[in-house]
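Remember, it's a predicted structure, so these values are computed and weren't measured experimentally.
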Amino acid sequence: MHYYEVQHRIRHEELRREADLDRLAREAAKGRSAARSAAHEPEGRVSRKKGRSAWSRRRAEA
C-alpha cells in the first residue's frame, strides 16, 4: 500500500467520524426540542388562563 493510500484512508475515517458526530448532535438536538414541545402539550395540563378563571370562580363562590 502506498503512502497516499494510507493518508487517504485516514482522512476518510476522520471525515466519517466527524459526520457521525454531527449526525448524533443533530439527533440529540431534535430529541431535546421534541421533548420540550411535548412538555407544552395541552393534554394533562391546564392553561394559566383556565386555571386562573377557575380560581376566581371558586373565590367568588366563597
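Between K30 and E27 there is no salt bridge, since no side-chain N of the basic residue sits under 4.0 Å from a carboxylate O of the acidic one.
Residue pairs that meet the ring-ring contact (aromatic ring centres under 6.0 Å, His included) test with at least one member in residues 3-30, sequence neighbours left out, are H2-Y4.
Here R26 pairs with D22, R23 under the side chain to side chain contact (heavy atoms under 4.5 Å, CB included) rule; sequence neighbours left out. Listed by chain and number, the residues in a salt bridge (Lys or Arg N to Asp or Glu O under 4.0 Å) with E5 amount to none (sequence neighbours excluded).
Counting heavy atoms from C-beta outward, E13 and R17 have side chains that approach closer than 4.5 Å.
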